[in-house]
Each structure stands twice: as structure tokens, then as C-alpha cells.
Novice: 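Below: one structure in C-alpha cells.
Note that the coordinates shown come from a computational prediction; the quantities given were computed from them, not determined experimentally. Below, chain A is the first sequence line, B the second, and so on; all start at residue 1. Values below: every heavy atom of this structure, side chains too, minus hydrogens, waters and symmetry copies.
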Number of protein chains: 2
Amino acid sequence: MKVVKQLLGNSNFEHMPDVVNQSNRIPGAEDICKVREIIAPYIHKTPVLTSQTFNQMLGASLYFKCENFQKGGAFKFRGATHAVMTLGDEDATRGVCTHSSGNHAQALALAARMRGVKAHIVMPENAPQIKVDAVKGYGGEITFCMPTLQAREATLQKVMVKTGAVEIHPYNDYRIIAGQATSCAELVEEVKDLDMVIAPVGGGGLLSGTILSARYFAPGVKVLAAEPLQANDAWQSFQSKTFIPSQNPATIADGLRTSLGSLTLPIILDGVEDILTASEESIVYSMKLIWERMKIVVEPSGVLPLAVMFENMDLFVGKRIGLILSGGNIDLFRLPWLEDTSFSKR
Amino acid sequence: MKVVKQLLGNSNFEHMPDVVNQSNRIPGAEDICKVREIIAPYIHKTPVLTSQTFNQMLGASLYFKCENFQKGGAFKFRGATHAVMTLGDEDATRGVCTHSSGNHAQALALAARMRGVKAHIVMPENAPQIKVDAVKGYGGEITFCMPTLQAREATLQKVMVKTGAVEIHPYNDYRIIAGQATSCAELVEEVKDLDMVIAPVGGGGLLSGTILSARYFAPGVKVLAAEPLQANDAWQSFQSKTFIPSQNPATIADGLRTSLGSLTLPIILDGVEDILTASEESIVYSMKLIWERMKIVVEPSGVLPLAVMFENMDLFVGKRIGLILSGGNIDLFRLPWLEDTSFSKR
């Protein structure tokens, strides 16, 4: 982990998300095996689907790991379940908390309910009603705040002081990373001889876990990351080998707008083969095509692996590719191909 | 088959669709086993999904047989494949034909392409572009006609005279019924101790096949049919024990607008436990809920089994229910919850 040490001296780190509640080292192979056992009674072992249509379109063999079928509708439930189920009893009585307007909020609320502990979720007051309803549906206690990162962090601090709840960060936490790693671990166990696995990258929890599982359980399988061109902070970080924060990215892929974390960046720089980007148009095109041809609901962030394949077809011809479809939570009243007339002819 | 004999004297039969290209008897258990072998290399063995959400909402154990994941996007490919693959070589050289604006057209075109024979499809000139494109995409040769049943039948006759192609009727054909029967055969093989199986009913091919497979392979499992209230000709036929044709039904479930056939009606009257209906509102509600919670794309006709469960919850409490989700072909630009504002608050 040479890169890790280099980065520890990088002044940009002061702008990165704080490390909270982490175990103190990068999860090893045995750790991830143990996590699989811990979360097995709670999660879905998600299916791997194939599609002749996409195989023919891309001249490759694609294996779609369907985390959109995960409980809570996204891979996030894996990490959240691991974090919640391994809390000490005393911590558990105080409950858990996070700030999130996305899938982590739902996942944490659901995992907490399964253990019978409270989940305090700080959400921006402009969060989509559908996400507010989902968190409430899982029994989460919501505190609303102004829609700025500063307000979210300040409000979360207040909630922690008041309740004593334990913060569970969405990605910058080795317990979370180890949980997300279980998706790729299942994939490479089920599908042998993959050439590559492609995972979307936002905060980097899923990508870090994917890198670790590929390294431990399928050495030789390359891991690529997929990122919206309009939120290409991870790509910039990868190119510059330093932390570049995400700044108000304008992408439909709402799960991929966040910056990398101090724990995820080193793992990514050390282990990712490349980071590929996709245009907003490719994202929407790929999403609609997956719905039409595979008959499954995948959210914009979840189709990034397919979208980067369409934009880089030469890289993948003749290869066996695992794609992690990270989630399927979307407001069915706001489908992107209905909101942008430039897609209406596709 | 007492009912069959009674019905043969029923004068209404003259209005029923003609029997074409049928083998001469109701498929038996061995026939259906043989069909499974014949079509196995071509079809998907579709998955059976479960959902805690729906189990909790309905107080029952639901097993969703996902024919929306079938090739061509619907169960229709099973029967079409059986009919096409068992054609004599001489018949095959002349190709196959049908009139259909729906899933059967796509299924037949795809099955014909797999055998390397021509498929002539008569479609009404107002058929949705998405369905025209799908048939073309599978290599079907389309002849357009006026959008009336009379014009469709007359045009098909002309095509048959000109090409010598063999007509493959969408449901009134024992080869088709035996093919559709394989879905329920797979379901009851995979999920033991079901109390009931619910299938949608349009022309009755899927329902007839479901009845036969339940009878042969899981005796004691009751088969229920699900039909739109606004296209309740099968329900009327069941109540009156005679053939009542479908007359310009106004339902969003476009696959279920057809009348029963002379081969399907007797099997249905003899073997269906009950026919339940669902309102248009229930259909759209169930459809959106399946998409949101199960992350799968199911067309309106396909959600009828769930919709009738919501309208008759008392019947199913504590039971183990198989639901055949018949297909997933839908224009993603025309989603029903976006077209009817009365659903916008759900």
C-alpha cells in the first residue's frame, strides 16, 4: 500500500470526509469471508443475469450482478447491515445515525429495524418525498436540515449529542467497505474466469470493496470504475494521484455525486485498473435499454458500468465482464427519458 | 372432459376463432414433458422471485414466475418455439404466419429466426411503432392491414395463399397450449406445496396450459384466472358455461382483450377454480408497486394475478400462491401512472 503512505502527506486530505467508526485496517480476505457469514441471514444473495441482446451489441459476455434486487433496493444494505449487526450491545442501545438523502439512509434504517435499534437520519429538506417516505417506511427517525453539506454535518452533530447514536458513514468506514465487498465476492464465486469487473464510483465504498474482493478471491480479474463525465472527480483523482473533491456535479446519477473518502481513495488508487466516464446521454440510453431488454428497473447510478462499455466498446470485445448494477431506487414519476426530449427518438 | 362434449353443441361456437393447425387432442402429461425437452435449448427457464413486501402486504406467500424475463419478453415464446420447432421440414420451408399486434408476433418472429425460417406477420397499421420495430428486429416480414379483425383475417389469408406459410394461431392450437403449459410445469417443479396458481386470461392459451400442468404435475393445486373487469368475457363465459365473445374491451391490459378459443374454453371450464377480475385502477396500482418494490418491468396484462389478489385479499391469507407474470413488453414512453392523473398521488 505504497500509495496510502504517499497520500497521508497530501494536504488535500483536510477537505476529505472525516473517518468515523472505522475498524483500523483495510479488510482482508478472511474479514470479508466473515462479513459474508454475518450478513447472510439478512441480505439477498442477488442473482447474476445475462442478456444475449447486450452480449451481441457489445461483442462480449456480460454478467450483471443485480444489486437493484438487494433489500432496500441497493448494495448499500450490505455495508449497513454489517455495521449495524456488529455494533456492541451498548452502542446498539443508543442507535445509529447518518446524514444521507439516498440509498444509504434507507439501508441504514432497514438494517437498524432488523436489529431493533433506532436509526436517526438527517436529510436535506429538499429530499425527494419518495426517499423520505422510504426511510419512514423502514422506521427511520428523520431530522430535516438545510440542503448544504455544512448544515447536514452540523445537524448530524446535534443529533449525535442529543441521542448518543453511533454515526455510520456511507462509505468512509472499513466496516462499510467490507460489507460492500461481499457483492463482488459473490459475483466472482458464481462466475468464473471473468476478465474484468466494472463498478460505479461515487464515494468509493462499493468500488473499494470490489477491488478487495477481486484481489483476494479472483486474482487477475481487473477492476474498472465507471463514473459520470459530469461528476468525474474520481477520474481526476486517479489521473492526478491526489484527492480532487466533487463540486456541485450536474449528473442524473444521484448516487455518484459524492467525493471519495480518505479510506476509499488509497484502495482505489492502489487497485483500480482504470476509471472510465460516460456522458449523461449514454447513462439515460443505457438505462432505458436495460429496462426494455432485461425487464429490470435500474437507477441511473446503477447503469454506469454498461454506459462506459458503450462508450469504450473496443476495450471489451471478446471479454468476460462482470457489471455491478448497484441499485434500482428511482421515482417512477420522473424517468429521465421522459424529461429530456433529446432522448425521445431513441 | 364432460364439458367439452356439452360445448360442442353450443351454437355460439360459430363465432369463436377457427381451430388451425392443431394436433388432435388435449396435451397429456407426457406431451408436456416432451415439449419441455424440445424447447429447452431455446427458451429461458425463467426465475421464480419472492418479495417480503408483498408477502407482508397480503399475508400470504407469493411466488412470482417471471415470464417477463422470457425471450421476446413474454411466455408466448414457449408456445411459438414449440410450434415452429416441431414443424415438418416441408412446412418449415414455406415459413410461418400469424396476425397479431402483440407478444405472439414477436415470439413467432424470434422462434422462426432461430429455426432459420420466414415469419410473415400481419399487423394492423395502427400497431405501436415499438411492436413493429420489435418484430422487424427479429426478422419478421410485416404486412400491414386495416385495424379490424376482418381485415386482419382476410390479409392473413392472402399472405397464406401467396407464400404457403403455415398459420400459427396465438392460442387456439394444442401445440401452443402445450408450450405455454411449460411455465406452470417449471413453477410447480420448483416450488412445492402451492395452494393455488393464478394466471392471466386473454385467449386462454396460458391459462389452459397452466390448468393442464397443475393437474398433471401438482394435483390439488387450484388454478385461478385473473382478468380485467373491463374485459371480463372469460368471466362471463365461466359464469354462463358458454362462449361469450370479447367486444371492444376498454382495458389497459392489451394482451387480455381477445376472446377465448374453441380449444381453450373447454379446458378452462373444466379446470379453472374461479375467474377473478380487477379494475383498471388495481392493475395500474399493482404494476407500479411491482416495479417499485421488486425492481422488475411487468406489462399491464402481466400484473393481473397480483391485482386480483389485492381485490380479494381474504381468499389468499396464509396460502402459498404462484403468480404467473406473463410478460414485460411495454412502451417506456407511455407508462399508465403518468397518463392518468388519478394515480399520481399513489
Novice: With the threshold set at 4.0 Å, does a side-chain nitrogen-carboxylate oxygen contact exist between B:R78 and B:E67?
Specialist: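 Judged by the 4.0 Å cut-off on N to carboxylate O distance, B:R78 and B:E67 do form a salt bridge.
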Novice: Roughly how far, to the nearest 0.5 Å, is the CG atom of A:L325 from the NZ atom of A:K65?
Specialist: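 Between atom NZ of A:K65 and atom CG of A:L325 there are 10.5 Å.
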Novice: Under a 4.5 Å heavy-atom cutoff, which of B:V298, B:I296, B:N329, B:L49 has the most pairs with chain A?
Specialist: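 When all of B:V298, B:I296, B:N329, B:L49 are compared, B:I296 has the most.
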Novice: Heavy atoms only, distances under 4.5 angstrom: which of A:N68, A:L332, A:T53 has the most pairs with chain B? Name it, please.
Specialist: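 That would be A:L332.
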Novice: Quick check against the 3.5 Å criterion: does B:N103 have a side-chain atom that pairs as donor or acceptor with the backbone of B:G73?
Specialist: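 Checked: no pair found.
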Novice: For residues B:P228 and B:A253, report the shortest heavy-atom separation together with the two atoms involved.
Specialist: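 Of all heavy-atom pairs spanning B:P228 and B:A253, the closest is CG-CB, 3.9 Å.
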Novice: Report which part of B:E299 has an atom under 4.5 Å of a heavy atom belonging to chain A: side chain, backbone, both, or neither.
Specialist: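 For B:E299, no heavy atom lies under 4.5 Å from chain A.
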Novice: Identify which part of B:D331 has an atom lying under 4.5 Å from any heavy atom of chain A, answering side chain, backbone, both or neither.
Specialist: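 When you check distances to chain A, no heavy atom of B:D331 falls under 4.5 Å.
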